[in-house]
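One structure is given below, encoded as structure tokens.
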Amino acid sequence: MPRTLITSAIPYINGIKHLGNLVGSQLPADLYARYCRARGHEVMFICATDEHGTPAELAAAKAGKPVAEYCAEMWQVQKDLADGFRLSFDHFGRSSSPQNHRLTQHFAGRLDAAGLIDERTSEQVYSVADGRFLPDRYIEGTCPNCGFEDARGDQCDNCGKLLDPTDLIEPRSTVSGATDLEVRETKHLFLRQSQLKDRLDQWIDSQEGWPVLTTSIAKKWLHDGDGLQDRGITRDLDWGIPVRKGDAPWPGMEGKVFYVWFDAPIEYIAGTAEWADATGGDWERWWRTDKGADDVRYVQFMGKDNVPFHTLSFPATLLGSGEPWKTVDYLKSLNYLNYDGGQFSTSRGRGVFMDQALDVLPSDYWRWWLLSRAPESSDTEFTWEAFQTDVNKDLADVLGNFVSRVTKFCRSKFGETVPEGGTPGAPEAALIARLSEGLATYERHMDAIEIRKAAGALRALWVAGNEYLQDAAPWSTFKTEPEHAAMQIRLALNLIRLYAVLSRPFIPDAAAAMLRAMGTEDDGWPDDVSAALAVLAPGHAFEVPEVLFSKITDAQREEWATRFAGKRE
RNA sequence: GGCGGUGUAGCUCAGUUGGUUAGAGCAGCGGAAUCAUAAUCCGCGUGUCCGGGGUUCAAGUCCCUGCACCGCCA
């Protein structure tokens with residue numbers, strides 16, 4: 001049995017994610033996980049919240065809560081939303097877990113033992129009133145270049161000039177507004193990625209068939225300018241994983257934590273360990289090639305902004321450890337989803353956020369639209385007009401109506417059982433041939449994680465059913481040859497079950513409703529279309545389901561377009 | 001400023017390693033059917049493939065250059 005390890009980029013703890021974030025990693029990862037399971041793979045699908053760092057601390061402070069409490073609450077919020085979108089994680093972990101503490105410290109210790117860690121001293125701005133060092137962008141002041149009063153320590157938003165925090169006139173902390181800032185020396189650990197440049201380069205060259213987007217980004221970072229830069233992996237913060245060398249203290253690094261980008265990807269492994277601790281499973285057989293993971297295929301999903309960390313930083317950690325860790329085999333990166341001519345904006349509340357989306361429509365609507373229009377080769381655009389017409393057409397008209405017309409016709413002519421009689425002929429053979437070919441196409445695209453193409457292939461299968469029905473015209477044959485009509489409609493009823501099975505990765509709820517209506521639990525992936533279309537035998541009872549997808553009206557569309565146009569607090 | 005991406009039918013986008021008359025879905029127009037959520041099915045596209053050079057027997061597909069939009073970085 002093939003074994004597939006799947007991870008989705010882990011969403012930051014701070015706030016609810018929008019649809020662009022969702023379609024960038026979690027949703028396509030879920031599609032693939034569901035597909036692999038349906039094809040009989042042993043699947044481990046891991047996601048988590050990314051909880052460390054300054055933004056989390058500040059968000060907690062704003063909410064008036066201890067950061068640990070804030071994170072625990074927001075984890076639950078994100079978990080519930082993930083459930084709402086039917087994201088089928090085997091485990092949804094937390095980067096703040098004890099497992100991740102242990103593993104992160106372990107990796108740091110190994111990297112140090114391999115001579116890949118440097119201690120370097122630098123100067124950073126310290127806020128006496130806040131009792132902490134401030135990252136550059138949390139310092140504001142007057143721009144020395146243009147006089148803009150709210151320039152940040154890294155750059156002036158008004159004139160665009162790049163700044164050093166010490167350039168600012170009358171600098172202040174954005175955390176507290178304090179002005180008693182001073183420059184202090186501080187020591188940090190650096191991962192010597194530059195030492196691993198050639199190994200990483202080779203490793204990337206050895207990968208087959210990665211998307212151009214992925215390799216071009218990685219190659220750029222490897223070869224651009226002075227090449228791959230060493231990276232600071234610690235910070236002067238309270239909230240995070242304490243710097244330790246494995247189980248031992250790290251002299252001189254007391255009170256410091258690992259940088260969020262060092263510990264976040266390690267949470268993929270730690271999340272699996274969390275799963276193991278919760279279920280009694282074995283996480284090492286997914287991650288250690290010396291302990292059973294050598295036959296695992298590991299696939300990662302992420303937005304394009306995360307590519308450097310997954311092609312370089314995280315592999316540097318794994319390879320640099322000198323231990324036989326499983327590295328990614330295929331990395332699926334996605335572009336951005338834009339919202340109606342601009343970007344989604346968390347701060348301005350522009351666009352649709354996960355909670356709002358579920359508020360407005362069932363998850364299948366979103367899953368289908370986002371996946372079937374996934375931003376694979378370029379950024380893509382969400383508009384309410386497109387969403388309405390696409391969803392109404394694909395889901396309500398083509399698939400939903402097929403289920404309706406078949407079940408209702410059968411009920412009125414034969415009752416709510418699969419009718420018997422009649423003999424399939426050439427049109428039925430042609431349909432099966434066409435479906436077999438279409439199924440192969442669908443599988444090929446899904447195997448390759450070509451999401452839009454897979455959605456198109458699936459839709460084509462739905463269309464094939466409508467075309468068959470149109471040509472077969474059981475409403476017409478029923479008048480003269482009722483047995484022939486019975487055969488035709490029996491085939492059509494079986495098509496509903498087949499569609500449920502094949503569509504399930506995209507629209508799990510609707511698929512479950514279809515199976516329920518067909519009165520069957522047989523959801524096995526079809527090896528043979530002909531056999532799959534004979535599962536529901538004559539005499540088998542079914543029910544006419546509720547309308548699977550009601551249509552989005554113009555009034556709804558207009559209301560939503562207005563509601564989500566922007567300015568949420 | 002540096003880097004990367006994008007620019008293909010009204011709209012959203014496909015177009016493999018350059019190779020027959022450039023495609024899909026939606027929208028639009030015409031028709032068939034009436035089982036169905038007025039849903040379905042069939043037919044219909046003379047597009048400067050952003051502009052300009054170049055390489056080639058052959059370029060949307062490679063090279064140079066210009067323009068436009070987007071993003072990232074310092």
Side-chain angles (χ1 to χ4, degrees), chain A residues 20 136 154-156 159-164 209 211-221 223-226 229 303-308 333-338 340-344 368-370 372-414 441 444-445 448 450-460 462-479 485 488-489 492-493 496 544-553:
Chain A
D136 293 353
D154 53 350
Q155 181 170 23
C156 174
C159 69
K161 185 172 173 62
L162 298 170
L163 302 169
D164 209 54
V212 181
L213 183 65
T214 302
T215 47
S216 70
I217 291 174
K219 285 289 183 181
K220 174 180 176 289
W221 282 57
H223 301 296
D224 206 37
D226 300 329
Q229 298 299 300
K304 60 183 171 186
D305 51 329
N306 274 339
V307 168
S333 56
L334 289 101
N335 291 280
Y336 295 139
L337 179 69
N338 290 318
D340 204 13
Q343 295 185 333
F344 277 84
W368 174 256
W369 194 87
L370 291 169
S372 63
R373 275 79 183 165
E376 289 180 290
S377 56
S378 64
D379 290 357
T380 190
E381 180 132 354
F382 175 92
T383 65
W384 284 102
E385 289 76 10
F387 178 69
Q388 178 194 24
T389 57
D390 291 342
V391 161
N392 285 353
K393 190 75 185 167
D394 295 348
L395 296 181
D397 297 349
V398 176
L399 177 62
N401 182 57
F402 179 82
V403 173
S404 246
R405 67 194 297 205
V406 169
T407 54
K408 287 181 179 168
F409 178 81
C410 187
R411 179 173 63 185
S412 75
K413 306 299 185 200
F414 301 102
T441 303
R444 195 172 68 244
H445 291 319
E450 293 268 14
I451 300 169
R452 298 174 80 120
K453 289 179 181 171
L458 177 59
R459 197 191 116 99
W462 300 340
V463 168
N466 278 309
E467 285 183 28
Y468 168 76
L469 216 55
Q470 203 64 27
D471 291 343
W475 48 89
S476 177
T477 57
F478 180 76
K479 294 170 189 164
Q488 294 168 328
I489 213 69
L493 286 165
I496 295 175
V544 174
E546 294 292 303
V547 164
L548 281 180
F549 298 99
S550 51
K551 295 204 196 191
I552 298 168
T553 64

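The sequence lines fix the lettering, A, B, ..., with proteins before strands; numbering per chain opens at 1.
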What is the minimum heavy-atom distance between [X] and [Y], and which atoms define it?
X      : Y      : value
A/K551 : A/N392 : CA-OD1, 3.4 Å
A/R452 : A/E376 : N-OE1, 2.9 Å
A/F549 : A/L399 : CE1-CD2, 4.3 Å

Inset, instruction - Assess whether one donor atom and one acceptor atom, taken from the side chain of A/N401 and the base of B/A36, lie less than 3.5 Å apart. - result: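 Answer yes: a donor N or O sits under 3.5 Å from an acceptor.
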Who does [N] pair with, Watson-Crick or G-U, both distances under 3.5 Å?
N     : answer
B/A33 : none
B/G47 : none
B/G71 : B/C3
B/A39 : none
B/A9  : none
B/U56 : none
B/U20 : none

Using whole Å, report how far [atom1] of [X] lies from [atom2] of [N].
X      : N     : atom1 : atom2 : result
A/W369 : B/C26 : CH2   : P     : 15 Å
A/D397 : B/U40 : CG    : P     : 4 Å
A/W462 : B/A39 : CH2   : P     : 17 Å
A/L334 : B/G5  : CG    : P     : 17 Å
A/I451 : B/U12 : CD1   : P     : 21 Å
A/L458 : B/G25 : CG    : C1'   : 14 Å
A/Y468 : B/A33 : OH    : C1'   : 16 Å
A/F478 : B/U34 : CZ    : P     : 15 Å

Between [N] and [M], how far apart are the two [atom1] atoms, rounded to whole Å?
N     : M     : atom1 : result
B/C49 : B/G4  : C1'   : 22 Å
B/A59 : B/G53 : C1'   : 14 Å
B/G51 : B/U8  : C1'   : 15 Å
B/A22 : B/A27 : P     : 25 Å
B/C72 : B/G10 : P     : 31 Å
B/C13 : B/A9  : P     : 12 Å
B/G45 : B/C63 : C1'   : 33 Å
B/G19 : B/G5  : C1'   : 28 Å

Inset, instruction - Just call it for A/I489: base, sugar-phosphate, or nothing, with non-hydrogen atoms closer than 4.0 Å on any strand. - result: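 It contacts nothing in the nucleic acid.
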Inset, instruction - Give A/F549 one of three labels, base, sugar-phosphate or nothing, depending on what nucleic acid heavy atoms sit under 4.0 Å from its own. - result: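 If one applies the 4.0 Å heavy-atom cut-off, A/F549 turns out to touch a base.
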Between [atom1] of [X] and [atom2] of [Y], what distance do you get to the nearest 0.5 Å?
X      : Y      : atom1 : atom2 : value
A/K408 : A/N401 : NZ    : CG    : 8.5 Å
A/H445 : A/L458 : NE2   : CG    : 11.5 Å
A/S404 : A/E546 : OG    : CD    : 10.0 Å
A/L337 : A/F382 : CG    : CZ    : 8.0 Å
A/T441 : A/K453 : OG1   : NZ    : 11.5 Å

For the side chain of [X], starting at C-beta, report the closest nucleotide among [options].
X      : options             : value
A/Q470 : B/G25, B/A36, B/U40 : B/U40
A/R459 : B/U37, B/G15, B/C26 : B/C26
A/K453 : B/G25, B/U37, B/G15 : B/G15

Inset, instruction - Please tell me which of A/S476 and A/A464 maps to the more 5' nucleotide of RNA chain B, matching each residue to the nucleotide holding its nearest heavy atom. - result: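 Closest to the 5' end, via its nearest nucleotide, is A/S476.
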Inset, instruction - Specify the residue among A/F409 and A/V463 whose closest nucleotide of RNA chain B lies further upstream toward the 5′ end. - result: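 On the 5' side of the pair lies A/F409.
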Would you say [X] reaches [N]'s phosphate, i.e. side-chain N/O to OP1/OP2 under 4.0 Å?
X      : N     : answer
A/K551 : B/A39 : yes
A/K408 : B/U37 : yes
A/R405 : B/C41 : no

Inset, instruction - Can you sort out which residues in residues 387-396 of chain A have a heavy atom within less than 4.0 Å of RNA chain B? Ascending by number, please. - result: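 RNA chain B contact set from residues 387-396 of chain A: A/T389, A/K393, A/A396.
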Legend entry - Passing candidate, side chain to side chain contact (heavy atoms under 4.5 Å, CB included) with A/F409, options A/I489, A/V544, A/L493: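 Of all the options given, the one that passes is A/I489.
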Legend entry - From A/I496, A/T407, A/V463, residue fulfilling side chain to side chain contact (heavy atoms under 4.5 Å, CB included) relative to A/F402: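 When A/I496, A/T407, A/V463 are each tested with A/F402, the side chain to side chain contact (heavy atoms under 4.5 Å, CB included) holds only for A/I496.
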Just the table, please: protein N/O against nucleotides 69-71 of chain B N/O, every pair under 3.5 Å.
from  : atom 1 : to     : atom 2 : distance (Å)
B/G71 : OP1    : A/Q343 : NE2    : 3.3

Legend entry - Partner residues of A/V391 under the side chain to side chain contact (heavy atoms under 4.5 Å, CB included) criterion, sequence neighbours left out: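 By the side chain to side chain contact (heavy atoms under 4.5 Å, CB included) rule, A/V391 matches A/Y365, A/W369, A/F387, A/L395, A/I552.
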Legend entry - Contacts of type side chain to side chain contact (heavy atoms under 4.5 Å, CB included), residue A/T477, not counting sequence neighbours: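 With neighbours one apart ignored, the set is A/P474, A/H484, A/A485, A/Q488.
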Inset, instruction - Kindly say whether the aromatic ring centers of A/F478 and A/F414 come within a distance under 6.0 Å. - result: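 Judged by ring-centre distance (under 6.0 Å), A/F478 and A/F414 do meet the cut-off.
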For nucleotides 6-10 of chain B, tabulate all protein N/O to nucleotide N/O atom pairs closer than 3.5 Å, reporting atom names and distance.
none

Inset, instruction - With sequence neighbours excluded, tell me which residues meet side chain to side chain donor-acceptor pair (under 3.5 Å) with A/R373. - result: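 For A/R373, the residues satisfying side chain to side chain donor-acceptor pair (under 3.5 Å) (neighbours in sequence not counted) are A/D390, A/D394.
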